[in-house]
J.: 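First the structure, which I've put down as structure tokens, then a few questions once you've had a look.
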Amino acid sequence: MYGNDNWINSYLDAILDAGKGAGSGSGGGGAGGGGDRPSLLLRERGHFSPARYFVEEVITGYDETDLYKTWSRANAMRSPQERNTRLENMTWRIWNLARKKKEVEDAKRLKRRLETEKPRTDATAEMSEDLFEGEKGEDAGDASVAYGDSSAGNTPRISAVDKLYIVLISLHGLVRGENLELGRDSDTSGQVKYVVELAKALSSCPGVYRVDLLTRQILAPNYDRGYGEPSETLVPTSFKNLKQERGENSGAYITRIPFGPKDKYLAKEHLWPYVQEFVDGALSHIVHMSKIIGEEIGCGHPMWPAVIHGHYASAGVAAALISGALNVHMVFTGHFLGKDKLEGLLKQGRQTREEINMTYKIMRRIEAEELSLDASEIVIASTRQEIEEQWNLYDGFEVMLARKLRARVKRGANCYGRYMPRMVIIPPGVEFGHMIHEFDMEGEEDSHSPASEDPPIWSEIMRFFTNPRKPLILAVARPYPEKNITTLVKAFGECRPLRELANLTLIMGNREAISKMSNMSAAVLTSVLTLIDEYDLYGQVAYPKHHKHSEVLDIYRLAARTKGAFVNVAYFEQFGVTLIEAAMHGLPVIATKNGAPVEIHQVLDNGLLVDPHDQHAIADALYKLLSDKQLWSRCRENGLKNIHRFSWPEHCKNYLSRILTLSPRYPAFPGNEDQIKAPIKGRKCIIVIAVDSASKKDLVCIIKNSIEATRKETLSGSTGFVLSTSLTMSEIHSLLISAGMAPTDFDAFICNSGSDLFYPSRAGDSPSTSRVTFALDRTYQSHIEYRWGGEGLRKYLVKWASSIVERRGRTEKQVIFEDAEHSSTCCFAFRVVNPNYLPPLKELQKLMRIQSLRCHALYNHSATRLSVIPIHASRSQALRYLSVRWGIELRNVVILVGESGDSDYEELFGGLHKTIVLKGEFNTPANRIHTVRRYPLQDVIALDCSNIIGVEGCSTDVLTPTLKTLGIPTK
């Protein structure tokens, strides 16, 4: 809307607030709906005809200049009626503008969807062509087959002898074991409660030895000092109905890993540049703890985690990198998915795609979720809707293809290198075992202790009410627009019978002053208070400023005691743990029909579902539930009777059964028994040379200068060198020999962009007569081969390469060819004869995901070579593997890079190691097609990090003082 977004959208919001359904033609109550409930302005002048006005005045054509003139004139008018007329004129035009804008956005989305569906259809068709006889259509209605959940109906027995070590990761928010500060900010919400309770519940299960919940250490002022404690022991959950023996158990712990600025609390949108720093710190903790557990249980070797479980997108990236480095299974829970959020924000029309990305880092988040799909063995969803309508939006997952792949795996058929993670539905658990006994099945609260005092929060709420004995309608939600609190207040305020029947309580987090809240939360809360004043709801609505997390349960009890109801009318609800909490207190519910509440209602049958956009339907449902005592009692009894389906024991049973059915992976890190002679094990410092932007001649110069700069320490054996490159081992050998250098000057070679790892050694006693051999690290290869597409992937890449052509007139010339000479077991290389015709790398990566081919594609050698390697392979991951296997402290590692590099160049910056950027004329310029990013560089790299230093040139005079500054001993 060309620069006038703010004032146009503010009036569009006013229209939407006056009545939803504008322009729908459904009579939904909005201006332009043509229904029975026109806007407030139209109601003031009952003779006004909306339909006639629209036909005669709005359709006749306009532009935004005219809109602005109307706005200016309206402000200048003294007559309220005349001003209202002009404002109505303008709001109609705004509505029409919004409609046209929506049509354009819908067309763009349709185009993007068709671009995605074609390759996906091709992949599905390829699977269909080779299905076994009778396989087509089989198990079509079986959710476990459709999503790849093979353990449904086949639950292994969990015993105390299993001794599982489970690692959970949740990076954002304020995480502690007790007195959670839920609602203090947008990041300290239901996910924090979920992961803490999950850790406690899992540690109480037989067969689980230890659970670590890894999060960020927070040392910022104005935050409790407990968030800065490196470790916190969690009190395990006591399951009333758990009869099995827990056996030997180490417990559950919150482990806080320092990463990012030490003195700042960061919102989740600003954690991205520091994720790799967390990965390195977490990896060190897990390795240390695995060794300790191995010693404690006496198994004679480290007890590696059974799974690394990431929660939310940022933790998904961390889990993918850690699981890949250790060769253990990854599990992922998205909680609230980025693509679904993006679609919702675009539909609102308040922000452009660019503005959304700037605010929420949404493209970085979506890419992280795609990577989590690539690396996960299991993806846990709360509902079927989450799988079919949310995950199905992603390149890396498609329901139909997942079903076909699962059917082929079940029959042992060839999947042609394709892989889809297993989607399993496990609803969140709720801590309620100690509370259900307070209610009998007649629906009356147990009053065995009449002398006990009422909880303080009760009086805090009751002080708002003129008549506190009326049934209490309870809403627990943060003051966010998507929670739809204002519609609830309108529904209550405009329905006089409901106001006479009940009171309304709004628990909207904790606050000190509205002026100190975020703009979005402050706007919602201000709207709520305005509506309370407009409808004169004083004495009928409670909105306490403060409450403790432990008091929320008391608030549910208060609502149940008054025979009230719980209401959640969010526009969309991802799961809705509050609905379960309400049910466990015998409180019937009114819930949104959009999202998970539909499936919760199918299980509990303890209330009514409503359209969150229809305030009259909300009011009618509340009145019906509270006025019909038989209906209220039936809903209460149903909820209490079926609530066990959402218990933590049930959740953990389903969770652990999936883990125990995973095929074994072997995170072996052998010692000297594998006969590899690796002096790298004893080094104090490691210098990694990973300069891609230099010619071979300049690369040799950089290598020689680096060795010379640390000559004294190199001779003493305290400093070692690793060459990290996209070159093959034979190319490296030829390069070093032609330059008169000995390969044994290096401790290791990370080759083929991280898909091969070699150690040089001399065969023979005399250096003058012995020859150099290169030992392949087969353990590393076994790590990265997991989910590698192999021959099926190679064939698809060859087919794809033949479609990339240079067109000149009527002639077509292929520009990408298979390069067998530079390929290896875990690296498929392709020669590029004309980089100008290469597709952007992010488009190739998208295509691979749509085809369910899990891999990394990289352009290197100035885009004259394409390398495709396993999903767990990269140069940065190879370095992490070296640190774990040989006990290298990553803080003592320095990586030398150029000003630009191969497609994986940016991955070499993040982490605990130091990075030196060599600037100078030897750097070749970066190619735009290299990057796989769809987001800014600052969402990947902390450009102001003290571990990154830029220097001019690569001489010893430059390198020596720079290395010394970083704490590396020099000559």
Side-chain angles (χ1 to χ4, degrees), residues 182-183 445 454-480 483-495 497-511 514 521 524-570 576-592 607-608 610 612 615 618-619 621-623 625-627 632 635-636:
L182 299 182
E445 190 170 357
D454 291 342
I457 191 64
W458 287 14
S459 59
E460 177 66 20
I461 292 173
M462 291 300 190
R463 69 184 178 88
F464 283 88
F465 300 133
T466 303
N467 182 1
R469 293 184 176 275
K470 293 196 293 186
L472 191 154
I473 300 170
L474 172 64
V476 179
R478 289 173 291 169
Y480 292 164
K483 296 301 182 181
N484 201 25
I485 301 173
T486 53
T487 300
L488 172 61
V489 177
K490 290 176 186 177
F492 183 76
E494 293 191 11
C495 183
L498 183 61
R499 291 167 57 178
E500 294 174 349
L501 176 65
N503 292 321
L504 175 62
T505 295
L506 305 174
I507 305 299
M508 299 177 288
N510 289 288
R511 64 187 184 277
I514 296 178
S521 297
V524 172
L525 191 54
T526 300
S527 296
V528 168
L529 297 178
T530 302
L531 289 169
I532 291 173
D533 184 73
E534 180 177 334
Y535 293 116
D536 194 15
L537 299 178
Y538 300 106
Q540 296 175 289
V541 180
Y543 40 95
K545 294 180 67 172
H546 301 285
H547 68 276
K548 298 177 183 178
H549 171 60
S550 58
E551 291 177 325
V552 174
L553 304 182
D554 292 327
I555 298 172
Y556 286 120
R557 289 177 53 222
L558 174 61
R561 172 172 284 188
T562 63
K563 297 188 182 299
F566 181 81
V567 59
N568 177 338
V569 289
V577 171
T578 53
L579 298 173
I580 308 300
E581 292 175 337
M584 79 185 187
H585 288 85
L587 194 58
V589 303
I590 301 295
T592 176
L608 303 172
V610 294
Q615 69 186 55
I618 295 170
L622 283 167
Y623 186 80
L625 182 61
L626 295 177
S627 61
W632 188 92
C635 289
R636 173 186 173 97

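Starting from 1, each residue takes its place in the sequence as its number. What you see below is based on every heavy atom in this structure, not just the backbone, and it leaves out hydrogens, waters and symmetry mates.
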J.: Using modelled atom types only, decide if a donor and an acceptor are shared between the side chain of Thr562 and the backbone of Leu472 within a distance under 3.5 Å.
T.: yes
J.: Check whether any side-chain N or O of Arg478 sits under 3.5 Å from a backbone N or O of Gly509 as a donor-acceptor pair, and report yes or no.
T.: no
J.: Does Lys545 have more than 12 heavy atoms from other residues, nucleotides or ligands lying within 6.0 Å of its NZ?
T.: yes
J.: Please report the closest heavy-atom contact between Ala477 and Ile485, naming both atoms and the distance.
T.: O-CD1, 4.0 Å
J.: Give me the atom names and distance for the closest heavy-atom approach of Ile514 to Leu529.
T.: CD1-CD1, 3.6 Å
J.: If every non-hydrogen atom of Thr486 is compared with every non-hydrogen atom of Ser527, which pair is closest and at what distance?
T.: CG2-CB, 3.8 Å
J.: For the backbone of Leu474 and the side chain of Thr505, can you confirm whether one donor and one acceptor N or O come within less than 3.5 Å of each other?
T.: no
J.: Are any side-chain N or O atoms of Asn568 and backbone N or O atoms of Thr592, one a donor and one an acceptor, separated by less than 3.5 Å?
T.: no
J.: Is there a donor-acceptor contact under 3.5 Å from the side chain of Asp554 to the main chain of Trp458?
T.: no
J.: Minimum heavy-atom separation for Cys495 to Ala619, with atom names?
T.: CB-CB, 3.8 Å
J.: Where do Pro588 and Cys635 come nearest, in terms of heavy atoms and distance?
T.: CB-CB, 3.8 Å
J.: For Leu506 versus Pro544, what's the shortest heavy-atom pair and its separation?
T.: O-CD, 3.8 Å
J.: Tell me whether the rings of Phe566 and Tyr556 are parallel (<30°), tilted (30 to 60°) or perpendicular (>60°).
T.: tilted
